[in-house]
Amino acid sequence: MIRQISGVSLIGLTLSLSTPAQAGTISGPADLGTAVSAQIACAGIFVTGRAEADVLRDDVHALAPFTKAVTLSVDRKDRIVTASAPGAATRTALYRSGAGCTLLTDTVRREVLESQTAKLKPMKMRPSTPWPMGDARATSPGPKIDAAALEKAVNDAFVEQNKDGYPDTRAIVVVQGGRIVAEQYAPGFDQNSRLLGWSASKSIAGTLVGLLVDDGVLKLDAPAPVPEWQAKGDPRRAITLRQLLTMSSGLRFVESYEPGNDSIRMLFSAPDMAALAASLPLDKAPGSAWSYSSGTTNILSAIVTRATGGSLDEVTRFARKRLFEPAGMTSIVVEPDEAGVPVGSSYAYATARDWARFGLLYLNNGVTGKKRVLSRSWVDFVRTPTKAAPRPVYGGQFWLNLGDDEGDKRRIFRDLPRDTFMAMGHNHQIVAVVPSRDAVIVRLGWTPEGQTFDFNKYLSRILAALAPPTTQP
């Protein structure tokens, strides 16, 4: 059934149609609203499995002022979601099993997109296997926590944030001593709900690079293998993989999310996001300055894709075999662009438990169970501050909580231990790894634009209820 299509049939759609409905140009906030709404609504409905009305109210309309006028049309047969708004170009996203949703830009035919995912199947969940490889909870005694204080600390993060029935905080999972010690979900969400990490996805993309570095396929201090930079005399040839990972490449990339800026053109207009980012010129000498860039991470995603065979199927099989399955992360989907490259900057969906499993892999220095997934040297690298940054807040696609010579006031979260390192994303997503407390804390939600989730307050309350530190922070 197709609803609210306004004269455009989506049955048998091909992406070569030259219609405003599939135009990729973002000329103003209204166009941005339909573009981002199509992307997130498609995933909310088909990846997370939520009702259309809930996705429209709690995700689309709550995201930002420029999405409040958006309406949705859903074609479940063709697995398409279309977003419309007065004065805006109508935008459409396509769901493909095993890959998630892709925003269409009217440049790639539907059959080409379908061929990219023809071999992809969802990973199999293992609910009866003991945690962390499965979801069976441990029955033996765990760490000596203050159960009542922990329950209150977690519950406060829901009660104080989720007002008027709106699910701002949607999931919290707390792990200590290798086991789940607290877990809570907002109504409408549960342990099987795949939730968006936004820029927390960058830490996963960086980890895939790390596997190839561990294998010797890629080298941190060698020039990054980016085809667009190989012409003789191109100064970008000097950019190393390390500089890309630490956001110190020197490439120009405007991260602010306003129509016309690089981030918006890349995420909502470009069929090949990495190619757009790689086409940009140097703004600074490589390694001389730190500048947070989603474009940089998508260049890294393209490097991983080429290094593992060049297709979406091959890079997905690599990620599953080497990272997701060994860590027990069987729910994860990293949605690709039309070029078949996973959008490592922004579009990883996973259950809260799988995000916790990801943090647990790093907490255990790259080991899951008795299997080493990542080298200890890689784990050390991601939590070492880049020298190019003015403060020690960023490592290798992870955020850091280190202080500096000016004191702890320069830390991101003043009441969390200095050794905390984090995957973080828009709408206040976090996977916080706290080695000195043997803990991982995951918070996933949808904090609206202009509001905040006070990580320092809520996470410090949770940590206070856990077992005492094992080492000095």
Side-chain angles (χ1 to χ4, degrees), residues 199 201-255 262-263 265-266 270 272-312 314-315 318-319 322-323 334 336-337 339-345 374-390 394-398:
S199 284
S201 310
K202 290 178 170 67
S203 300
I204 291 173
T207 300
L208 296 177
V209 175
L211 291 168
L212 293 170
V213 171
D214 285 346
D215 290 348
V217 175
L218 298 174
K219 297 185 183 302
L220 278 177
D221 293 307
V226 178
E228 293 90 334
W229 301 344
Q230 300 312 308
K232 186 177 180 179
D234 191 328
R236 298 173 299 180
R237 292 176 67 182
I239 298 171
T240 66
L241 194 67
R242 183 189 298 271
Q243 290 161 349
L244 289 172
L245 287 161
T246 59
M247 301 291 188
S248 57
S249 69
L251 284 174
R252 190 204 80 193
F253 192 88
V254 180
E255 183 71 19
D262 297 325
S263 53
R265 292 193 301 123
M266 179 183 71
D272 187 333
M273 298 188 193
L276 184 148
S279 73
L280 298 175
L282 281 178
D283 188 42
K284 301 277 193 323
S288 67
W290 182 85
S291 180
Y292 185 79
S293 164
S294 291
T296 292
T297 306
N298 287 330
I299 293 171
L300 291 169
S301 288
I303 289 172
V304 172
T305 301
R306 288 190 294 268
T308 55
S311 71
L312 178 59
E314 289 167 311
V315 71
F318 170 79
R322 295 294 304 282
L323 176 60
V334 186
D337 62 14
V341 176
V343 184
S345 69
L374 294 164
S375 68
R376 178 61 186 261
S377 62
W378 177 261
V379 177
D380 289 342
F381 162 71
V382 305
R383 57 189 182 187
T384 299
T386 174
K387 295 178 180 179
Y394 203 79
Q397 301 288 293
F398 276 85

With a 4.5 Å heavy-atom cut-off, do [X] and [Y] have their side chains touching?
{"X": "F381", "Y": "T246", "answer": "yes"}
{"X": "V209", "Y": "L218", "answer": "yes"}
{"X": "T207", "Y": "V382", "answer": "no"}
{"X": "P286", "Y": "T240", "answer": "no"}
{"X": "M273", "Y": "S345", "answer": "no"}
{"X": "L251", "Y": "L282", "answer": "yes"}
{"X": "R236", "Y": "V226", "answer": "no"}
{"X": "S199", "Y": "Y292", "answer": "yes"}

Minimal non-hydrogen separation, [X] against [Y], with atom names:
{"X": "R252", "Y": "R265", "result": "NH2-NH2, 4.0 Å"}
{"X": "L276", "Y": "D262", "result": "CD2-O, 4.4 Å"}
{"X": "A388", "Y": "G287", "result": "CB-O, 3.8 Å"}
{"X": "Y394", "Y": "L245", "result": "CE2-O, 3.9 Å"}
{"X": "S301", "Y": "A205", "result": "OG-CB, 4.0 Å"}
{"X": "P342", "Y": "N298", "result": "O-OD1, 4.4 Å"}

Measuring from [X]:[atom1] to [Y]:[atom2], what's the distance to the nearest 0.5 Å?
{"X": "E255", "Y": "T296", "atom1": "CD", "atom2": "OG1", "value": "9.0 Å"}
{"X": "L208", "Y": "L300", "atom1": "CG", "atom2": "CG", "value": "10.0 Å"}
{"X": "L211", "Y": "T308", "atom1": "CG", "atom2": "OG1", "value": "11.0 Å"}
{"X": "K219", "Y": "L212", "atom1": "NZ", "atom2": "CG", "value": "12.0 Å"}
{"X": "L280", "Y": "S293", "atom1": "CG", "atom2": "OG", "value": "8.5 Å"}
{"X": "T305", "Y": "E314", "atom1": "OG1", "atom2": "CD", "value": "10.0 Å"}

Checking the side chain of S203 only, and the main-chain atoms of Q397 only, is there a donor and an acceptor separated by less than 3.5 Å?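 A pair under 3.5 Å: yes.
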Output yes when a side-chain donor or acceptor of W229 lies under 3.5 Å from a complementary backbone atom of A278, and no otherwise.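 Yes; judged by distance alone, with no hydrogens or angles, the pair exists.
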List the steps and the verdict of side-chain contact (heavy atoms from CB on, under 4.5 Å) for T297 and M247. CA-CA 9 Å; T297 306; M247 301 291 188; 3.6 Å; yes
Is it the case that the side chains of K202 and S294 hold a donor-acceptor pair, with the cut-off being a distance below 3.5 Å and no angle test?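 Side-chain D/A pair, S294 to K202: present.
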Check each of D214, D380, D215 against S375 using the side-chain hydrogen bond (donor to acceptor under 3.5 Å, both in side chains) test, and report the only one that passes.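 In the set D214, D380, D215, the residue that makes a side-chain hydrogen bond (donor to acceptor under 3.5 Å, both in side chains) with S375 is D214.
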